[in-house]
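Contents: one structure, followed by commentary.
Side chains included, hydrogens not; waters and symmetry mates left out as well; all remaining heavy atoms used. Just so you know, these numbers come straight off a predicted model, no measurement behind them.
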Amino acid sequence: MNASAPTSAETLRSTLGRLLDGIPPKQATAAVERLIASYRGQTPTDAPVLRDRSDVAAYAAYRMPATFEAVRGALDGLAEAAPDWAPGSHVDVGGGTGSATWAVDATWDGPRETTVLDWAEPALALGRELAAASTSEVLRGATWRRAVIGSALNIPEADLVTVSYVLGELTAQARKAVVAEAARAGQAVVLIEPGTPEGYLRIREAREQLIEAGLRIAAPCPHDGTCPIEVGQDWCHFSARVSRSSLHRQVKGGSLPYEDEKFSYVAATRFPVEPAASRITRKPQIRKGLVLLELCGPEGTGLTRVNVTKRQGDLYKAARDADWGQAWPPAPQPQPQP
């Protein structure tokens with residue numbers, strides 16, 4: 001694991017802060033509002049949403065911190081399931097300005113080779129600029145390549161393939177083709193979508209496709225069986241805390257210095273992994289002397305609720321400190337040597 005993760009996040013935020021210099025605030029706000037409307041649309045276009053430098057700068061300043069933290073959360077799930085593994089090569093599909101590339105660099109020391117594929121040249125150009133301002137040799141040495149993200153996509157073989165916030169922009173046919181190509185090319189595949197019912201359904205569909213392609217699920221699921229959630233009744237998603245920029249507060253009119261990014265994800269591999277025994281699927285509910293955990297457990301157990309009481313000692317303390325999305329029960333902590 002990479003100990004420089006906080007530094008990477010801070011460097012990204014400070015670099016993004018300089019992007020809007022020279023762009024009138026009203027123009028940046030208008031661009032962000034249009035982009036939000038495009039990303040929330042229900043009709044996939046098979047065309048890039050980002051059109052020009054102004055669009056890309058506004059998108060990067062507004063969305064990159066949230067995408068970075070969501071991808072970090074998903075990658076942490078993979079890293080926990082494969083603690084002795086680290087990618088030597090990485091391909092980010094539809095990576096735009098490089099959020100996932102920054103997140104991979106913050107999670108592992110490496111990889112040696114990173115390639116970002118995107119169909120919007122303005123996004124790739126800005127991604128190069130941001131990477132050049134990084135202190136990371138990996139980011140500065142990344143390859144940024146234009147590619148049409150669709151049915152004809154060819155992904156270079158890599159240890160890790162990420163596809164974040166892209167599947168919702170594609171038609172059903174293109175989405176299946178991209179997932180199939182990611183499964184072919186990657187030893188590990190991590191897919192991230194917005195934490196909405198629709199985003200979850202895309203991840204659920206992709207999860208089934210990855211399993212059919214011979215990959216095993218590393219996270220967040222504790223098993224490779226059918227998802228126990230009843231479609232239409234609930235959806236699987238998680239949350240990442242994001243520091244708000246001035247543009248966030250300007251566009252949303254919020255006063256809090258942070259917001260929570262909801263996301264759905266799946267991580268799958270072609271190598272052995274140790275998935276969580278169970279996964280906390282909702283924010284733990286803390287009561288006096290009691291913590292209520294909602295869990296997704298091993299295949300066959302489905303979704304369960306567990307009460308952890310004060311009488312359970314260390315387990316109760318761990319439950320009070322537990323967070324949404326974490327594995328349960330916690331891994332035993334190494335004991336200090338005498």
From [atom1] ([X]) to [atom2] ([Y]), nearest 0.5 Å:
X      : Y      : atom1 : atom2 : answer
Leu130 : Arg128 : CG    : CZ    : 12.0 Å
Ser264 : Leu201 : OG    : CG    : 9.0 Å
Ile203 : Trp235 : CD1   : CH2   : 15.0 Å
Phe238 : Asp323 : CZ    : CG    : 11.0 Å
Thr97  : Leu126 : OG1   : CG    : 6.5 Å
Gln209 : Leu191 : CD    : CG    : 9.0 Å

Locate the shortest heavy-atom distance separating [X] from [Y]; write the atom from each residue and the value.
X      : Y      : answer
Pro222 : Ala276 : CB-O, 3.2 Å
Met64  : Ser99  : CG-OG, 3.2 Å
Gly127 : Trp144 : O-CZ2, 3.4 Å
Pro65  : Ala60  : CD-O, 3.7 Å
Ala174 : Gly150 : CB-CA, 4.1 Å
Leu160 : Trp108 : CD2-CZ3, 3.9 Å

Do [X] and [Y] come within less than 4.5 Å of each other through their side chains, counting heavy atoms only?
X      : Y      : result
Thr281 : Leu295 : no
Asp92  : Leu117 : no
Thr107 : Val71  : no
Val163 : Val166 : yes

Main-chain N/O of [Y] paired with [X] side-chain donor or acceptor, under 3.5 Å:
X      : Y      : answer
Glu193 : Phe263 : no
Arg145 : Leu124 : no
Asp159 : Pro87  : no
Thr115 : Thr143 : no
Gln285 : Lys283 : yes
Arg140 : Ala132 : no
Glu181 : Val178 : no
Arg305 : Leu292 : no

- Query: Just checking, any donor-acceptor pair under 3.5 angstrom between side chains of His90 and Thr162?
  - Reply: yes
- Task: Dump the intermediate steps for side chain to side chain contact (heavy atoms under 4.5 Å, CB included) on Arg279 and Gln326, then the final yes or no.
- Result: CA-CA 6 Å; Arg279 180 79 58 184; Gln326 289 183 352; 5.7 Å; no
Is there a path of hydrophobic side-chain contacts, each under 4.5 Å between heavy atoms, that joins [X] and [Y]?
X      : Y      : result
Ile149 : Val116 : no
Val138 : Val91  : no
Tyr200 : Leu167 : no
Leu303 : Trp328 : no
Ile217 : Val179 : yes

- Message: Before you tell me yes or no, could you show the steps for Thr114 and Leu139 under side chain to side chain contact (heavy atoms under 4.5 Å, CB included), namely the whole-Å CA-CA distance, both residues' side-chain angles and the distance that decides it to 0.1 Å?
- Response: CA-CA 8 Å; Thr114 293; Leu139 293 173; 6.0 Å; no
- Parallel, tilted or perpendicular: which fits the ring planes of His237 and Trp324, with parallel below 30° and perpendicular above 60°? perpendicular
SB check [X] [Y] (cutoff 4.0 Å):
X      : Y      : value
Arg282 : Asp234 : yes
Glu205 : Arg175 : yes
Arg216 : Asp224 : no
Glu169 : Arg202 : no
Arg184 : Glu157 : yes

- Just checking, Arg63 and Phe68: is the charged tip under 6.0 Å from the six-membered ring centre and within 45° of the axis? no
